Amino acid sequence: MNHRLPHTFFQREVTDVAPELLGKILVRQFDDGSVQKFVITEVEAYRGRDDKACHANKGLTTRTEVMFREGGLVYVYLIYGMYWMLNIVTGEKGDASAVLIRGIGDISGPGRVGKALQLDKSFYGEDLFSSDRIWIENSEQKITFKAVPRVGIDYAGEPWIGKPWRFIVKK
DNA sequence: CGCAAGATTGGC
DNA sequence: CCAATCTTGCGT
(Lines give C-alpha, C1' and ligand atoms only; values in the text may rest on other atoms or scores of the structure.)
Protein backbone atom coordinates (compact mmCIF):
# COMPACT_ATOMS: atom_id res chain seq x y z
CA MET A 1 0.00 0.00 0.00
CA ASN A 2 1.44 3.29 -1.04
CA HIS A 3 1.37 6.34 1.17
CA ARG A 4 2.38 9.94 0.87
CA LEU A 5 5.97 10.94 1.41
CA PRO A 6 6.26 12.82 4.73
CA HIS A 7 7.62 16.32 5.04
CA THR A 8 10.81 14.89 6.52
CA PHE A 9 11.57 13.25 3.17
CA PHE A 10 11.82 16.67 1.54
CA GLN A 11 13.51 18.47 4.41
CA ARG A 12 16.98 17.23 3.54
CA GLU A 13 19.82 18.20 1.23
CA VAL A 14 18.34 18.83 -2.24
CA THR A 15 21.06 16.82 -3.98
CA ASP A 16 20.00 13.81 -1.86
CA VAL A 17 16.25 14.32 -2.29
CA ALA A 18 16.31 14.83 -6.07
CA PRO A 19 17.64 11.38 -7.11
CA GLU A 20 15.46 9.67 -4.49
CA LEU A 21 12.34 11.18 -6.07
CA LEU A 22 12.99 9.15 -9.21
CA GLY A 23 10.61 6.18 -9.39
CA LYS A 24 8.23 7.74 -6.85
CA ILE A 25 4.58 8.29 -7.83
CA LEU A 26 3.27 11.78 -8.60
CA VAL A 27 -0.50 11.81 -8.12
CA ARG A 28 -2.85 14.43 -9.54
CA GLN A 29 -6.57 14.55 -8.71
CA PHE A 30 -8.47 16.77 -11.12
CA ASP A 31 -11.48 18.92 -10.37
CA ASP A 32 -13.84 16.30 -11.80
CA GLY A 33 -12.53 13.75 -9.30
CA SER A 34 -10.48 11.69 -11.74
CA VAL A 35 -7.04 10.65 -10.55
CA GLN A 36 -3.90 10.16 -12.61
CA LYS A 37 -0.62 8.71 -11.40
CA PHE A 38 2.78 9.16 -13.00
CA VAL A 39 6.20 7.73 -12.23
CA ILE A 40 8.78 10.46 -11.83
CA THR A 41 11.48 9.87 -14.44
CA GLU A 42 13.60 13.02 -14.59
CA VAL A 43 14.44 15.82 -12.15
CA GLU A 44 16.94 18.61 -11.62
CA ALA A 45 18.25 20.01 -8.34
CA TYR A 46 18.53 23.75 -7.68
CA ARG A 47 20.55 24.31 -4.57
CA GLY A 48 19.75 27.52 -2.74
CA ARG A 49 21.12 31.04 -2.82
CA ASP A 50 24.67 30.11 -3.77
CA ASP A 51 23.59 28.24 -6.92
CA LYS A 52 23.54 30.88 -9.65
CA ALA A 53 21.20 28.74 -11.73
CA CYS A 54 18.66 28.72 -8.89
CA HIS A 55 16.02 31.43 -8.94
CA ALA A 56 16.64 32.04 -5.25
CA ASN A 57 20.21 33.26 -5.79
CA LYS A 58 18.98 36.82 -6.26
CA GLY A 59 17.52 36.79 -2.79
CA LEU A 60 13.98 36.63 -1.55
CA THR A 61 11.56 38.03 -4.12
CA THR A 62 7.82 37.81 -4.71
CA ARG A 63 8.36 35.02 -7.20
CA THR A 64 10.71 32.84 -5.13
CA GLU A 65 9.28 33.47 -1.69
CA VAL A 66 7.95 29.93 -1.28
CA MET A 67 11.39 28.41 -1.90
CA PHE A 68 12.60 30.02 1.31
CA ARG A 69 10.06 28.06 3.29
CA GLU A 70 10.34 24.46 4.50
CA GLY A 71 10.51 21.45 2.15
CA GLY A 72 7.37 19.66 1.00
CA LEU A 73 5.70 22.61 -0.74
CA VAL A 74 5.06 23.19 -4.45
CA TYR A 75 6.82 26.02 -6.32
CA VAL A 76 5.33 26.72 -9.74
CA TYR A 77 6.13 29.56 -12.12
CA LEU A 78 5.32 30.50 -15.69
CA ILE A 79 8.19 30.53 -18.19
CA TYR A 80 8.16 32.03 -21.68
CA GLY A 81 4.57 33.06 -21.06
CA MET A 82 3.25 29.56 -21.73
CA TYR A 83 4.78 26.80 -19.65
CA TRP A 84 4.22 26.05 -15.97
CA MET A 85 7.29 24.52 -14.32
CA LEU A 86 6.61 22.17 -11.41
CA ASN A 87 9.13 22.30 -8.57
CA ILE A 88 9.20 20.76 -5.11
CA VAL A 89 10.72 22.86 -2.34
CA THR A 90 13.32 20.93 -0.31
CA GLY A 91 15.53 21.44 2.71
CA GLU A 92 14.97 23.34 5.94
CA LYS A 93 13.27 26.69 6.13
CA GLY A 94 15.63 29.26 4.59
CA ASP A 95 17.56 26.78 2.42
CA ALA A 96 15.81 28.05 -0.71
CA SER A 97 16.42 24.84 -2.62
CA ALA A 98 14.04 23.02 -4.97
CA VAL A 99 13.71 20.10 -7.37
CA LEU A 100 12.39 20.71 -10.87
CA ILE A 101 10.23 17.87 -12.21
CA ARG A 102 11.34 17.47 -15.84
CA GLY A 103 9.70 14.19 -16.71
CA ILE A 104 6.83 11.95 -15.51
CA GLY A 105 5.60 8.71 -17.05
CA ASP A 106 5.89 8.92 -20.82
CA ILE A 107 5.99 12.71 -20.73
CA SER A 108 9.38 14.34 -21.14
CA GLY A 109 10.05 18.05 -20.84
CA PRO A 110 9.08 20.27 -17.90
CA GLY A 111 6.71 22.38 -20.01
CA ARG A 112 4.76 19.33 -21.07
CA VAL A 113 4.62 18.08 -17.47
CA GLY A 114 2.90 21.27 -16.37
CA LYS A 115 0.51 21.04 -19.29
CA ALA A 116 -0.40 17.40 -18.56
CA LEU A 117 -1.05 18.22 -14.90
CA GLN A 118 -3.03 21.34 -15.81
CA LEU A 119 -1.03 23.49 -13.44
CA ASP A 120 -1.59 27.18 -12.84
CA LYS A 121 -0.59 29.81 -10.32
CA SER A 122 -3.07 28.46 -7.76
CA PHE A 123 -0.62 25.60 -7.09
CA TYR A 124 2.00 28.02 -5.80
CA GLY A 125 2.73 27.03 -2.19
CA GLU A 126 0.52 23.90 -2.28
CA ASP A 127 1.38 21.48 0.56
CA LEU A 128 2.19 18.03 -0.86
CA PHE A 129 1.13 16.26 2.33
CA SER A 130 -2.26 17.86 2.85
CA SER A 131 -3.33 18.78 -0.70
CA ASP A 132 -6.22 16.93 -2.29
CA ARG A 133 -5.09 17.95 -5.79
CA ILE A 134 -1.46 16.92 -6.00
CA TRP A 135 0.85 14.79 -3.91
CA ILE A 136 3.66 12.24 -4.11
CA GLU A 137 3.40 8.61 -2.98
CA ASN A 138 6.22 6.35 -1.91
CA SER A 139 7.23 3.41 -4.08
CA GLU A 140 9.34 0.35 -3.42
CA GLN A 141 10.19 0.28 -7.09
CA LYS A 142 13.92 -0.08 -7.58
CA ILE A 143 15.37 2.10 -10.29
CA THR A 144 18.79 3.05 -11.54
CA PHE A 145 19.62 6.52 -12.72
CA LYS A 146 22.34 8.62 -14.25
CA ALA A 147 23.46 12.12 -13.26
CA VAL A 148 24.33 14.66 -15.97
CA PRO A 149 24.75 18.47 -16.15
CA ARG A 150 21.63 20.63 -16.10
CA VAL A 151 20.28 22.29 -19.22
CA GLY A 152 19.27 25.82 -20.10
CA ILE A 153 21.44 27.50 -17.49
CA ASP A 154 24.44 28.72 -19.48
CA TYR A 155 23.99 32.13 -17.91
CA ALA A 156 24.91 30.69 -14.48
CA GLY A 157 28.58 30.18 -15.36
CA GLU A 158 30.95 27.72 -13.72
CA PRO A 159 31.04 25.80 -11.49
CA TRP A 160 27.25 25.59 -11.73
CA ILE A 161 27.04 24.58 -15.39
CA GLY A 162 29.22 21.55 -14.67
CA LYS A 163 27.31 20.27 -11.65
CA PRO A 164 25.74 16.85 -12.45
CA TRP A 165 22.44 17.78 -10.86
CA ARG A 166 20.10 16.51 -13.56
CA PHE A 167 18.96 13.01 -12.67
CA ILE A 168 17.41 10.69 -15.25
CA VAL A 169 15.96 7.20 -14.75
CA LYS A 170 17.75 4.52 -16.77
CA LYS A 171 15.55 2.11 -18.64
C1' DC B 1 6.77 53.13 -15.62
C1' DG B 2 9.02 50.66 -19.56
C1' DC B 3 11.58 46.82 -21.15
C1' DA B 4 14.41 42.77 -21.75
C1' DA B 5 14.89 38.00 -20.88
C1' DG B 6 13.66 33.50 -19.18
C1' DA B 7 15.02 26.15 -15.54
C1' DT B 8 10.75 25.59 -23.20
C1' DT B 9 8.55 23.71 -27.09
C1' DG B 10 7.13 23.00 -31.60
C1' DG B 11 6.72 24.63 -36.12
C1' DC B 12 8.70 26.53 -40.49
C1' DC C 1 16.36 29.08 -36.63
C1' DC C 2 12.67 31.62 -34.49
C1' DA C 3 7.99 32.89 -32.75
C1' DA C 4 4.56 32.26 -29.02
C1' DT C 5 3.18 34.81 -24.77
C1' DC C 6 3.43 36.90 -20.00
C1' DT C 7 5.40 37.59 -15.46
C1' DT C 8 9.22 39.25 -12.95
C1' DG C 9 13.06 42.13 -11.77
C1' DC C 10 15.78 45.83 -12.63
C1' DG C 11 16.99 50.14 -14.74
C1' DT C 12 15.47 54.91 -15.93
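Every chain is numbered from 1 and lettered A, B, ... according to where its sequence line falls, protein lines coming before strand lines. Quick caveat, the model's predicted, so the values are computed rather than measured.
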Measuring to OP1 and OP2 of dG10(B), would you say a side-chain N or O of R112(A) lies under 4.0 angstrom away?
yes

So R102(A), base contact, sugar-phosphate only, or nothing? Heavy-atom distance under 4.0 Å.
sugar-phosphate

In whole angstroms, the gap separating P of dT9(B) from NZ of K115(A) amounts to 11 Å

Starting from P on dA7(B), measure out to CE on M67(A) and report it in whole angstrom.
11 Å

Rounded distance (Å) that lies between atom P of dT8(C) and atom CG of N57(A):
18 Å

Quantified in whole Å, what is the P atom distance between nucleotide dG2(B) and nucleotide dT5(C)?
22 Å

Against the side chain of M82(A), the closest entry in dA7(B), dA4(C), dC10(C) is dA4(C)

Side chain of Y83(A) only, please: which of dC10(C), dG6(B), dT9(B) is the nearest?
dT9(B)

For M85(A), which contact category applies under a 4.0 Å heavy-atom criterion: base, sugar-phosphate, or nothing?
sugar-phosphate

From CZ of R63(A) over to C1' of dA7(B), roughly how many Å is that when rounded to an integer?
9 Å

Tell me: CG of L60(A) to C1' of dG9(C), nearest whole Å?
14 Å

Base-pairing assignment for dT5(C) (Watson-Crick or G-U wobble, both under 3.5 Å)
none

Just the rounded figure in Å: distance from P of dA7(B) to CD1 of I161(A).
13 Å

Report the relative orientation of the aromatic rings in F129(A) and H7(A); use parallel for angles under 30°, tilted for 30 to 60°, perpendicular for over 60°.
tilted

Shortest non-hydrogen separation from L73(A) to D127(A) and the atoms involved
CD2-CA, 3.8 Å

Nucleotide forming a Watson-Crick or wobble pair with dA7(B), both distances under 3.5 Å:
none

Between dT8(C) and T62(A), is there an OP1 or OP2 to side-chain N/O distance shorter than 4.0 Å?
no

Just the rounded figure in Å: distance from C1' of dA7(B) to CZ of R47(A).
18 Å

When the ring planes of W165(A) and W160(A) are compared, do they come out parallel, tilted or perpendicular, using 30° and 60° as the limits?
tilted

Think Y155(A) has a side-chain N or O under 4.0 angstrom from the OP1 or OP2 of dA7(B)?
yes

Exactly one of V66(A), N87(A), T64(A) clears side chain to side chain contact (heavy atoms under 4.5 Å, CB included) with Y77(A), and that residue is N87(A)

Rounded to the nearest Å, what distance is computed from the OH atom of residue Y80(A) to the P atom of nucleotide dA5(B)?
12 Å

Checking R133(A) against F123(A): charged group under 6.0 Å from the ring centre and within 45 degrees of the axis?
yes

Sugar-phosphate only, base, or nothing, as touched by G81(A) at under 4.0 Å among non-hydrogen atoms
base

